[in-house]
Amino acid sequence: MPAEPIGSLDDEHEVRRSGVGTAHPATLAGARLVGELLSPPPILVAVALAVAWVSSPTRAMAVVWGTIAALFASVLPYALILRGVRRGRLSDRNISLRKQRIRFGGVAIASILFGLAVLAALDAPAEMVALLASIAVGVAGGWVVTLWWKISVHAAIAAGAATVLTLVFGPALLAVWPLVALIAWSRVQVGDHTPAQVLAGVALGIVVNATVFPLLR
């Protein structure tokens, strides 16, 4: 476990000092709903299936490739999160405590890399390999930042998925970007992140996926 950097703030203290997380109850309830419906697991499943659909020669193969990618990038890590919550090892499904995110990050990265190896070994379409590779790099980058600072995973995954969808489907998918802004807003409103943390997450998602995905597809 890396040592806590000198002068760093506890997660909750940083959010409290920034003045976020004090929304009206109705606004807070809406923000929490957004965070649940548009959390990283369903977003990753959706983008995996969407990319598989357009990159596979048949619908059957699209289901195969999309299922493999979704399983290792989203379903398996999320199942382990739920197990950790039930056993009291994790605080909640969003892993709100930064130190717990550091411990779980290695597990998530290992799962994604295993899925990437499976896709490569089975000669999956280049777009699917590129997708898993960009997700792996993004999660790894977020994990490194989290060693010192609680960057928003919700915002990073949302922005990364929007970037990939725009690259694959063209300008029409610019329509999904307001959802990225909505997710970023929700993370600040519920008090899980500061504005700087969600903006950093969005930047990470864009930069990684705009670089890695086109390079490997």
Side-chain angles (χ1 to χ4, degrees), residues 1-2 39-56 61-85 87 89-90 93-95 97-165 167-168 200-217:
M1 178 69 65
S39 64
I43 288 178
L44 289 172
V45 169
V47 73
L49 294 175
V51 174
W53 188 260
V54 299
S55 63
S56 303
M61 291 309 300
V63 172
V64 171
W65 301 132
T67 299
I68 291 173
L71 175 64
F72 291 103
S74 176
V75 177
L76 181 56
Y78 190 56
L80 293 174
I81 290 174
L82 294 179
R83 181 186 181 193
V85 172
R87 295 190 173 188
R89 296 175 180 173
L90 297 175
R93 289 175 293 179
N94 292 324
I95 317 182
L97 299 180
R98 183 173 61 84
K99 290 183 179 180
Q100 292 181 357
R101 291 188 177 196
I102 294 171
R103 291 197 295 268
F104 183 78
V107 175
I109 294 168
S111 177
I112 298 167
L113 289 176
F114 189 84
L116 176 60
V118 171
L119 289 176
L122 296 177
D123 197 25
E127 286 83 357
M128 296 306 300
V129 174
L131 175 64
L132 263 289
S134 62
I135 293 172
V137 173
V139 172
W143 181 83
V144 170
V145 175
T146 301
L147 294 175
W148 290 274
W149 196 53
K150 188 185 168 188
I151 193 171
S152 174
V153 175
H154 275 70
I157 294 296
T163 300
V164 168
L165 291 175
L167 290 171
V168 172
V202 169
L204 176 67
I206 293 172
V207 170
V208 169
N209 288 274
T211 303
V212 178
F213 183 78
L215 185 65
L216 299 178
R217 67 184 297 200

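As the structure is a prediction and not an experimental result, all values here were calculated from the model.
Under the ring pair (Phe, Tyr, Trp, His ring centres under 6.0 Å) criterion, the residue pairs touching residues 109-133 are F72-F114, with sequence neighbours excluded.
For R83, the salt bridge (Lys or Arg N to Asp or Glu O under 4.0 Å) test picks out no residue, with sequence neighbours left out. Listed by chain and residue number, nothing satisfies the side-chain hydrogen bond (donor to acceptor under 3.5 Å, both in side chains) test with R89 (two or more places apart in sequence, or in another chain).
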Enumerate donor-acceptor pairs with a distance under 3.5 Å from any side-chain N or O in residues 210-217 to protein atoms, sequence neighbours excluded.
residue: T211; atom: OG1; partner: V207; partner atom: O; Å: 2.7
residue: R217; atom: NH1; partner: L167; partner atom: O; Å: 3.4

Quick one: side chains of residues 127-143, donor-acceptor pairs under 3.5 Å with protein atoms, not counting sequence neighbours, listed by atom name and distance.
residue: S134; atom: OG; partner: A130; partner atom: O; Å: 3.2
residue: S134; atom: OG; partner: L131; partner atom: O; Å: 2.8
residue: S134; atom: OG; partner: N209; partner atom: OD1; Å: 3.1
residue: W143; atom: NE1; partner: I102; partner atom: O; Å: 2.8

Enumerate, atom names and distances included, each donor-acceptor pair closer than 3.5 Å involving a side-chain atom of residues 41-48, sequence neighbours excluded.
none

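Here the straight-line distance linking atom CE of M61 with atom OG1 of T67 works out to 10.5 Å at 0.5 Å rounding. S111 OG to L116 CG: the interatomic distance, rounded to the nearest 0.5 Å, is 11.0 Å. In this structure, the separation between CD1 on I68 and CG on L71 is 8.5 Å, given to the nearest 0.5 Å.
In terms of heavy-atom proximity, R101 sits nearest to I151 at NH1-O, 3.2 Å.
For the pair R93 (side chain) and I81 (backbone), a donor-acceptor distance under 3.5 Å is absent. In this structure a side-chain-to-backbone donor-acceptor pair under 3.5 Å is missing from R103 to L90.
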side-chain contact (heavy atoms from CB on, under 4.5 Å), that's the test. Do V145 and L204 meet it? Break it down for me. CA-CA 10 Å; V145 175; L204 176 67; 5.5 Å; no

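Counting only heavy atoms from C-beta outward, the side chains of S55 and W65 never approach each other to under 4.5 Å.
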